[in-house]
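Quick notes on the structure that follows.
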Protein chains: 2
Amino acid sequence: MIEIYLLEHLRAFYECGTLSAAAEQLHIAQPSVSRSMQKLEDILEVTLFERQKNRIILNETGKLAAEYAKRILDEEEEMKAHIKAYDRSLHTLTIGSCAPGPLMELLPTATASLSGMTLSAAVDTEEKLLKGLWNSDYGMIVLAKPLPNEDFICKEYRSEQLMLSVPPFHPAASYKEITFADMDGQNFIMYAHVGFWEDVVREKMPHGKFFKQEELANSSDLPSFSSDITLRMIPSRRNNRINIPFSDPESRVTYYLIVLAKTEKLLRPLLRNL
Amino acid sequence: MIEIYLLEHLRAFYECGTLSAAAEQLHIAQPSVSRSMQKLEDILEVTLFERQKNRIILNETGKLAAEYAKRILDEEEEMKAHIKAYDRSLHTLTIGSCAPGPLMELLPTATASLSGMTLSAAVDTEEKLLKGLWNSDYGMIVLAKPLPNEDFICKEYRSEQLMLSVPPFHPAASYKEITFADMDGQNFIMYAHVGFWEDVVREKMPHGKFFKQEELANSSDLPSFSSDITLRMIPSRRNNRINIPFSDPESRVTYYLIVLAKTEKLLRPLLRNL
DNA sequence: ATCACTTACGGGTGACGTAAAAATC
DNA sequence: GATTTTTACGTCACCCGTAAGTGAT
């Protein structure tokens with residue numbers, strides 16, 4: 001059998017043109033490459049090189065052999081990459097959600113329930129979430145509505161109440177509740193990755209101006225948004241802020257966890273623990 | 001890198017199901033296979049097996065790896081086979097001819113002119129000869145007519161005169177020449193591999209009966225065929241036989257050597273020596 | 001007891017490095 | 001003199017085999 005190292009040496013020589021250059025590329029001594037080339041000819045019982053006194057070049061057969069070497073080595077690389085990727089996919093659950101809130105509560109629970117698994121989470125659009133669930137980019141998705149379909153397992157998770165977050169001196173700070181209409185036309189700070197909430201507030205407050213910021217922080221006196229979930233999971237967000245629930249029905253949603261029926265077995269420990 | 005022997009061990013285990021059986025198939029001791037499987041997991045940094053106390057089975061990742069192993073090993077086999085075949089083809093000239101006569105004279109010359117090359121010869125139909133010349137099944141062909149085409153090099157070789165071969169007591173033995181019409185309707189022994197000559201005699205003597213024999217020998221008192229070439233190359237065919245040339249124009253042909261223009265360089269030493 | 005796998009230890013093949021020689025530029 | 005290839009020789013890695021141990025049937 002032709003061992004892999006021989007193919008590597010041949011490929012290196014093919015790419016470099018001289019044994020010395022090949023040896024350098026391979027980080028080995030040059031006589032090793034010389035021997036390997038001889039050994040290849042020995043094994044194949046074929047002349048692969050035209051040898052002059054101090055020069056050695058691949059003949060046609062040698063070039064063919066080098067092309068094969070490349071192909072086989074590439075295939076071996078592919079093998080390693082694919083196997084690692086596949087193994088990783090078996091040990092990774094990627095959860096996609098239409099909003100960050102449910103992920104905040106889901107991830108700690110999931111980490112505990114699926115010991116040994118790597119968790120990965122992302123906020124995405126409903127369309128991409130569904131597509132990703134089908135093509136296994138996502139192992140579980142979180143939508144703001146149920147999905148009655150026998151291909152899925154759909155389990156009600158929990159609800160989220162959108163709130164307005166204002167500094168204490170803001171005119172609305174004393175309200176017990178507030179409507180989108182009350183705030184329409186004003187300026188807001190909005191966390192960049194709020195998922196579908198962005199659609200909701202833009203639709204209900206079409207005259208509002210929304211300034212996006214990457215970090216989730218109270219860095220401005222402008223009103224911003226929070227929710228019962230974010231306040232529970234990140235208590236610091238209450239600091240120096242008054243959080244007033246919206247009263248519009250669109251400000252409260254119920255989330256549903258959705259997994260493919262065929263992967264339900266794998267995720268049962270998680271679904272049971274919620 | 002994953003050396004080939006590891007892939008072989010994995011494939012054997014995949015095919016056999018147990019380490020012991022794999023070891024037997026590989027003609028090595030069983031602990032070696034055990035170590036190889038561990039080493040594969042080491043290299044890939046992936047779990048390939050589910051291990052019970054005295055049982056080891058491939059998991060999903062392991063099966064994927066085994067499939068890759070098979071593919072790579074198959075490809076390596078293919079590499080070896082193709083390279084040897086290609087090398088062989090570079091050192092082999094296969095000459096196809098429409099009749100055996102020209103090969104008799106050509107082969108000795110060719111052997112001398114193309115030292116180091118292996119010669120191979122075959123009698124074939126014109127159609128297959130031309131196809132074979134294109135697809136490199138033949139490196140050179142011999143036809144009974146020129147082939148004026150710029151893709152080919154066509155060189156007149158020599159002529160062959162068909163003769164009737166009869167025992168001394170045959171009625172025709174005293175003729176100085178003879179026609180196909182004279183002999184039509186009689187029985188003949190015909191060597192099986194005469195190429196286009198069979199078509200000629202069958203067409204010119206439609207009422208003749210031709211008995212084929214595999215060996216080129218005078219084993220019967222029936223008339224048979226010979227030619228100036230066969231008599232020159234195989235003098236023993238004169239023994240106890242009278243050879244009478246046919247006078248019909250179809251009984252004399254001129255042969256042409258034809259090679260692809262692009263391979264002419266390789267065959268120049270041969271073409272020059274004729 | 002037999003079978004299957006793993007671990008431990010020793011041996012031999014062979015891949016690599018160093019050194020040196022031959023040949024070319 | 002610098003570069004390139006080949007040959008020679010010593011070393012060390014590592015693949016394999018043997019032997020022993022554990023657990024299951």
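Bear in mind that the values here come from a model prediction, so they are computed numbers and not experimental data. In the text below, chain A, chain B and the rest are named by the order of the sequence lines, each starting its count at 1. No hydrogens, no waters, no symmetry mates; every other heavy atom, side chains included, goes into these values.
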Mind calculating the distance between CG (L40(A)) and C1' (dG14(C)) to the nearest angstrom?
-> 15 Å
Sorted by chain and residue number, the ring-ring contact (aromatic ring centres under 6.0 Å, His included) partners of H91(A) (sequence neighbours excluded) come out as none
Just jot down the ring-ring contact (aromatic ring centres under 6.0 Å, His included) partners of Y157(B), sequence neighbours excluded, or say none.
-> none
What are the 5'-most and 3'-most nucleotides of DNA chain D lying under 4.0 Å from any heavy atom of chain B?
-> dC15(D) to dA24(D)
Among all residues two or more places apart in sequence or in another chain, which pass the side chain to side chain contact (heavy atoms under 4.5 Å, CB included) test with D42(A)?
-> none
Within residues 61-75 of chain B, those residues having any heavy atom closer than 4.0 Å to DNA chain C are none
Any luck finding a side-chain donor-acceptor pair between E67(B) and Y14(B) under 3.5 Å?
-> yes
State whether S34(B) places a side-chain N or O below 4.0 Å from either non-bridging phosphate oxygen (OP1 or OP2) of dT6(C).
-> yes
Short side-chain donor-acceptor distance under 3.5 Å, Y5(A) and E3(B) = no
Residue set satisfying side chain to side chain contact (heavy atoms under 4.5 Å, CB included) with D74(B), at least two apart, ordered chain then number -> R11(B)
Kindly write out the residues that satisfy side chain to side chain contact (heavy atoms under 4.5 Å, CB included) with T61(B), not counting sequence neighbours, or none if the list is empty.
-> I83(A), Y86(A), D87(A), L90(A), V46(B), L48(B), N59(B)
Acceptor/donor pairs from residues 17-30 of chain A side chains to any protein atom, 3.5 angstrom cut, sequence neighbours excluded:
residue : atom : partner : partner atom : Å
T18(A)  : OG1  : A21(A)  : N            : 3.1
Q25(A)  : NE2  : E15(A)  : OE1          : 3.4

Let me know the distance between CE of M37(A) and P of dA15(C), rounded to the nearest Å.
-> 12 Å
What integer distance in Å separates F13(B):CZ from dC5(C):P?
-> 7 Å
Send over the distance from L58(B) CG to dC5(C) P, rounded to a whole Å.
-> 11 Å
Can you sort out the partners of T111(A) under side chain to side chain contact (heavy atoms under 4.5 Å, CB included), two or more places apart, ordered by chain and number?
-> L119(A)
With sequence neighbours excluded, what pairs up with Y68(A) under the ring-ring contact (aromatic ring centres under 6.0 Å, His included) test?
-> H82(B)
Separation of Q38(B) atom CD from dT6(C) atom C1', in whole Å?
-> 7 Å
How close or far is atom C1' of dC5(C) from atom CZ of R55(B), stated in whole angstroms?
-> 11 Å
Sugar-phosphate atoms are those with a prime plus P, OP1 and OP2; base atoms are the rest. Using that split, label each nucleotide of nucleotides 16-25 of chain C B, S or - for protein heavy atoms under 4.0 Å, 5' to 3'.
-> BBBB---BB-
Partners meeting ring-ring contact (aromatic ring centres under 6.0 Å, His included) with F196(B) (sequence neighbours left out) = none
